[in-house]
Structure formats: C-alpha cells, structure tokens
Amino acid sequence: MIVKKISLFLIILTLLISGFYWFQVRPTQIKHDCSWVKKHSEAIPARKGMTKEELQTKGLLKDCPPELKPKLLEDFAANRNEIMCSYDNATIIEDNKPLPYTPAKDWWVKATKEEYQFCLHDKGL
C-alpha cells in the first residue's frame, strides 16, 4: 500500500516537473537564445608587405609622369591616363602594406525582429 502511494507520488511529481520544464523553462531558454545572433570573423594571417622600391623593382608599379594638377576640366580630360596611372600606383602600394596578425573572434549581437521571429518559429514557439 505504501509502495503504491510512493509510486503515485513520484509519478505525479515527475509529471509536474516535466510540465513546469516544458511550459516555463524551455520557452524562456528558447526566447533568450533567439534574442542573440552569434557573429564570427576568421583569423587574418600577418603579411610582410612590400615597400614602394620593392614594388618598382618587381615591375608592379607603372612609370608615370610627374603629378599633374589640371586647372581646367579640359586639362583633366586630356591628362586622364596620367592621373589614373598615379592613382593605380597608390592603390597597389596601399594593397601591399604590411598587415599584423588578427586573431579569429566571436561576438554576439542583438537579433533583429525578423531573426527573432524566425528563430522562435524554427524552435517551435
């Protein structure tokens, strides 16, 4: 008789705990987890880079005339190739600067309303 009462008590207790988890704890955890989105950036290896002189010796820079300063729009149009040459060289020099090592990192951002709603729907809420 006492074993039946204990068994019945344990079954009722298990059902109450399960119901509390399913209807209270689980939705709260899902809502919390859906409120944030994990972001990640990959590691960027260090790069030695090259100086302007090294780029010139390797033939990566173009030979440009000295810097021109057009006074009129017609001068600019006439000297476009020379001006673009120095711009291209500046871009090549900038792209070959040394870069330090940047480690990979993870961070969390607040979910947008659409991301939050999608996550809730995806988890069954």
Side-chain angles (χ1 to χ4, degrees):
M1 185 73 163
I2 195 135
V3 173
K4 285 185 177 182
K5 287 184 179 181
I6 292 175
S7 298
L8 182 61
F9 175 74
L10 289 176
I11 289 172
I12 292 173
L13 184 63
T14 303
L15 288 174
L16 286 173
I17 291 173
S18 298
F20 179 76
Y21 171 78
W22 191 257
F23 293 107
Q24 295 295 321
V25 176
R26 181 181 155 272
T28 303
Q29 286 176 334
I30 290 173
K31 288 176 183 177
H32 175 270
D33 293 345
C34 288
S35 295
W36 300 95
V37 178
K38 186 176 185 178
K39 299 288 183 177
H40 176 78
S41 69
E42 295 294 330
I44 301 171
R47 184 178 70 195
K48 183 180 178 241
M50 292 192 280
T51 64
K52 184 177 179 179
E53 292 75 25
E54 290 173 328
L55 291 169
Q56 284 176 334
T57 57
K58 289 190 176 198
L60 297 174
L61 295 180
K62 301 173 187 172
D63 289 327
C64 300
E67 185 73 27
L68 299 173
K69 295 187 179 174
K71 295 177 184 168
L72 301 171
L73 188 58
E74 295 83 27
D75 291 343
F76 179 81
N79 299 317
R80 183 180 183 283
N81 289 339
E82 290 83 9
I83 294 169
M84 290 305 295
C85 178
S86 58
Y87 173 78
D88 292 340
N89 282 348
T91 303
I92 292 170
I93 291 169
E94 184 67 30
D95 290 345
N96 285 288
K97 282 189 173 181
L99 290 176
Y101 170 74
T102 305
K105 64 179 178 177
D106 294 324
W107 69 97
W108 295 87
V109 295
K110 190 157 181 60
T112 63
K113 188 173 183 175
E114 292 80 22
E115 289 171 330
Y116 181 72
Q117 292 299 326
F118 177 80
C119 181
L120 290 179
H121 182 71
D122 190 47
K123 305 270 189 206
L125 290 184

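One-based numbering along the sequence shown.
Contact check for K4 versus L8: no side-chain heavy atoms found under the 4.5 Å cut-off. Side-chain contact between T112 and V37: absent, with no pair of heavy atoms (C-beta onward) separated by less than 4.5 Å. For the pair K110/W36, a side-chain contact is recorded, criterion being any heavy-atom separation below 4.5 Å from C-beta on.
Taking both residues in full, the closest heavy atoms of G49 and E54 are given as O-OE1, 4.1 Å, listed atom of the first, atom of the second, then distance. When all heavy atoms are compared, the tightest approach of P27 to Y21 is CD-O, 4.2 Å. In terms of heavy-atom proximity, A111 sits nearest to C34 at CB-O, 3.4 Å. Residues A46 and Y101 share a closest heavy-atom pair of CB-N, 3.7 Å.
Here the OG-CD1 distance, from S35 to I30, works out to 11.5 Å after rounding to the nearest 0.5 Å. Note that CG of L61 and CD of E53 are 9.5 Å apart. Values are rounded to the nearest 0.5 Å. Taking CG from N96 and CG from L55, the interatomic distance works out to 5.0 Å, rounded to the nearest 0.5 Å. The NZ atom of K31 lies 11.0 Å from the CZ atom of R26; values are rounded to the nearest 0.5 Å. Within the model, atoms CE of M50 and CG of D95 stand 10.5 Å from one another, a figure rounded to the nearest 0.5 Å. With rounding to the nearest 0.5 angstrom, the OG1 atom of T28 is 10.5 Å from the CG atom of D33.
Annotation for W107: atom CH2 counts as buried by contact number, over 12 foreign heavy atoms lying within 6.0 Å. Counting heavy-atom neighbours within 6.0 Å of H40 NE2, excluding the residue itself, gives a total above 12.
Of the candidates L13, I12, I6, I11, L13 is the only one forming a side chain to side chain contact (heavy atoms under 4.5 Å, CB included) with F9.
Listed for the D122 side chain is no donor-acceptor partner under 3.5 Å among the backbone atoms of F118.
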